[in-house]
Amino acid sequence: MHKILPLLFCFTVCLTLSSRAQFAIDVESGAAFTGYNEIQVPGGEGTRFELTDQLDVNNSFFYRIRLLYTLNNKHTFSVLYAPLNIKAQGYTTKDINFAEQIFSTADALNASYKFNSYRFTYRYLFPRTGNFQFGLGATAKIRDAKIELEDNEKSASTTDLGFVPLINFRAEWFAKEKLSVLLQGDALVGKQGRAEDIFLGGLFYPNEDVSLKLGYRILEGGADVDQVYNFSLIHYAVIGATVSF
């Protein structure tokens with residue numbers, strides 16, 4: 001870490017000095033709805049249960065913040081902070097063995113599901129062809145996850161802090177001068193799991209420095225390892241804006 005920080009600092013300074021560079025901030029907000037969330041802790045020994053079937057899951061407000069830097073209208077570097085916290089409560093229809101604790105059907109249960117994401121992305125933007133423009137790159141994702149169950153007497157949790165490489169893509173079709181359709185996301189499928197975070201929606205450009213977005217985002221995936229089995233699907237109703245300066 002002590003070696004990486006000076007390199008990042010020098011990299012940032014060099015980018016800032018470029019006269020052909022542009023900074024932007026992208027903000028999203030809206031509502032998040034849980035499609036499914038299947039959990040088993042530990043992966044090979046605990047009770048596998050579906051969170052949305054066993055408990056009442058609260059719909060969640062969400063937000064995301066992304067800082068972008070584009071060089072020569074081709075090379076885009078970005079940093080994303082995307083927190084996600086879901087709460088659920090109720091009575092289960094079966095006893096649950098979770099993280100070496102038994103949670104009974106007789107006790108009211110509270111569940112907390114955290115899946116925060118920190119990402120650094122590089123994307124190359126290919127020259128525009130007619131009304132279409134495509135970009136392709138790679139994302140380094142840090143996953144900060146925690147699942148916790150709690151009743152009146154006890155609690156148990158599992159945490160996961162790990163690195164996930166993803167493929168990044170952006171495809172935009174300019175329907176009119178100030179309107180476009182955007183498909184953008186990060187995704188990758190591997191032996192032990194998968195991850196997809198994809199947005200589809202419309203963009204409106206009131207001027208060259210601002211774009212407004214409205215659309216749908218899907219966050220799906222998970223992992224099947226010894227520590228935890230967890231696959232989830234989250235739907236997002238998205239409203240947002242990107243401001244360049």
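Worth knowing before you read on, the calculation uses all heavy atoms, side chains too, and leaves out hydrogens, waters and symmetry mates. Counting begins at 1 with the first residue of the sequence.
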TODO: For side-chain contact (heavy atoms from CB on, under 4.5 Å), just list the numbers for I167 and L136, CA-CA rounded to whole Å, side-chain angles, deciding distance to a tenth of an Å, and then say yes or no.
DONE: CA-CA 8 Å; I167 296 173; L136 186 65; 4.0 Å; yes

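- Note: the hydrophobic cluster containing F231 does not contain L149 (ILVMFWY, side chain heavy atoms under 4.5 Å, direct or indirect links).
- Residues satisfying the side-chain hydrogen bond (donor to acceptor under 3.5 Å, both in side chains) test with Y122, not counting sequence neighbours, are H75.
- Taking both residues in full, the closest heavy atoms of A171 and F134 are given as CB-CD1, 4.0 Å, listed atom of the first, atom of the second, then distance.
- For the salt bridge (charged side-chain N to carboxylate O under 4.0 Å, His left out) test, residues two or more places apart in sequence or in another chain that qualify with R143 are D160.
- Pairs of residues two or more places apart, or lying in two chains, that qualify as salt bridge (Lys or Arg N to Asp or Glu O under 4.0 Å) and include a residue from residues 176-192 are R119-D186.
- The CG atom of L214 sits 12.5 Å away from the CG atom of L182 when rounded to the nearest 0.5 Å.
- Taking every heavy atom of both residues into account, G221 and E196 meet most closely at N-OE1, 4.3 Å.
- Neither F61 nor L80 shares a network with the other; the hydrophobic side chains, linked directly or stepwise wherever heavy atoms of I, L, V, M, F, W or Y lie under 4.5 Å apart, form separate groups for each.
- Applying the ring-ring contact (aromatic ring centres under 6.0 Å, His included) rule to pairs touching residues 141-180 yields nothing, sequence neighbours excluded.
- Note: F126 and Y124 have perpendicular aromatic rings, judged against thresholds of 30 and 60 degrees for the angle between ring planes.
- Note: S232 OG to L219 CG = 6.0 Å, rounded to the nearest 0.5 Å.
- Under the 4.5 Å side-chain heavy-atom criterion for Ile, Leu, Val, Met, Phe, Trp and Tyr, L67 and F23 are members of the same hydrophobic cluster.
- Contact check for T47 versus D95: no side-chain heavy atoms found under the 4.5 Å cut-off.
- Follow the hydrophobic side-chain contacts under 4.5 Å out from I218 and you never reach F115; the two are in separate clusters.
- E45 places none of its side-chain heavy atoms less than 4.5 Å from the side chain of N97.
- Summarising the geometry, atom CD1 belonging to I39 is positioned 8.5 Å from atom CD1 belonging to I96; distances are rounded to the nearest 0.5 Å.
- Residues Q133 and R128 have side chains that never bring a donor and an acceptor to within less than 3.5 angstrom of each other.
- F77 CZ to T70 OG1: the interatomic distance, rounded to the nearest 0.5 Å, is 9.0 Å.
- The shortest heavy-atom contact between A111 and L51 is CB-CD1, 3.8 Å.
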Mind listing the side-chain donor-acceptor pairs of residues 82-93 below 3.5 Å, one per line with the distance, residues two or more places apart or on another chain?
residue: K87; atom: NZ; partner: S112; partner atom: OG; Å: 3.2
residue: Q89; atom: NE2; partner: D56; partner atom: O; Å: 3.3
residue: Q89; atom: NE2; partner: N58; partner atom: OD1; Å: 3.1
residue: T92; atom: OG1; partner: K94; partner atom: O; Å: 2.9
residue: T93; atom: OG1; partner: Q54; partner atom: OE1; Å: 3.0
residue: T93; atom: OG1; partner: Q54; partner atom: NE2; Å: 3.0

Task: side-chain contact (heavy atoms from CB on, under 4.5 Å) between N73 and L125, intermediate numbers included - done: CA-CA 7 Å; N73 293 319; L125 196 62; over 6 Å; no

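- Criterion: ILVMFWY side-chain heavy atoms under 4.5 Å apart, direct or through other members. Under it, V79 and I25 are part of a common hydrophobic cluster.
- In terms of heavy-atom proximity, F98 sits nearest to I147 at CZ-O, 3.6 Å.
- Between G43 and R48, the closest heavy-atom pair is O-NH2, 4.4 Å.
- V181 places a side-chain heavy atom less than 4.5 Å from the side chain of L200.
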Let me have the donor-acceptor pairs involving side chains of residues 223-230, under 3.5 Å, with sequence neighbours excluded, atom names and distances please.
residue: Q227; atom: NE2; partner: T158; partner atom: OG1; Å: 3.3
residue: Q227; atom: NE2; partner: T159; partner atom: O; Å: 2.9
residue: N230; atom: OD1; partner: Y113; partner atom: OH; Å: 3.0
residue: N230; atom: ND2; partner: N37; partner atom: OD1; Å: 2.8
residue: N230; atom: ND2; partner: E38; partner atom: O; Å: 3.0

Exercise answer: donor-acceptor pairs, residues 233-245 side-chain atoms, under 3.5 Å, sequence neighbours excluded:
residue: H235; atom: ND1; partner: Y216; partner atom: OH; Å: 2.7
residue: T242; atom: OG1; partner: D26; partner atom: OD1; Å: 2.4

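- A side chain to side chain donor-acceptor pair (under 3.5 Å) with E28 is found for exactly one of R217, R64, R66, namely R217.
- In this structure E220 satisfies the salt bridge (charged side-chain N to carboxylate O under 4.0 Å, His left out) test together with R194, sequence neighbours excluded.
- With sequence neighbours excluded, the residues forming a salt bridge (charged side-chain N to carboxylate O under 4.0 Å, His left out) with D151 are K154, listed by chain and number.
- Side-chain contact between I142 and F120 is absent, with no heavy-atom pair separated by less than 4.5 Å.
- Applying the salt bridge (Lys or Arg N to Asp or Glu O under 4.0 Å) test to every pair with at least one member in residues 101-116, sequence neighbours left out, gives these pairs: K114-D144.
- Across T52 and G35, no two heavy atoms sit closer than the pair OG1-O, 4.0 Å.
- Qualifying salt bridge (charged side-chain N to carboxylate O under 4.0 Å, His left out) partners for R123, counting only residues two or more places apart in sequence or in other chains: none.
- Of the inter-residue distances, the one linking N168 atom CG with K141 atom NZ reads 13.0 Å to the nearest 0.5 angstrom.
- Between the side chain of S60 and the backbone N or O of F62 there is no donor-acceptor pair closer than 3.5 Å.
- Within the structure, the side chain to side chain donor-acceptor pair (under 3.5 Å) test picks out the following pairs touching residues 198-212 (sequence neighbours left out): E172-Y205.
- Taken to the nearest 0.5 Å, the OG atom of S155 stands 5.0 Å off from the CD atom of E148.
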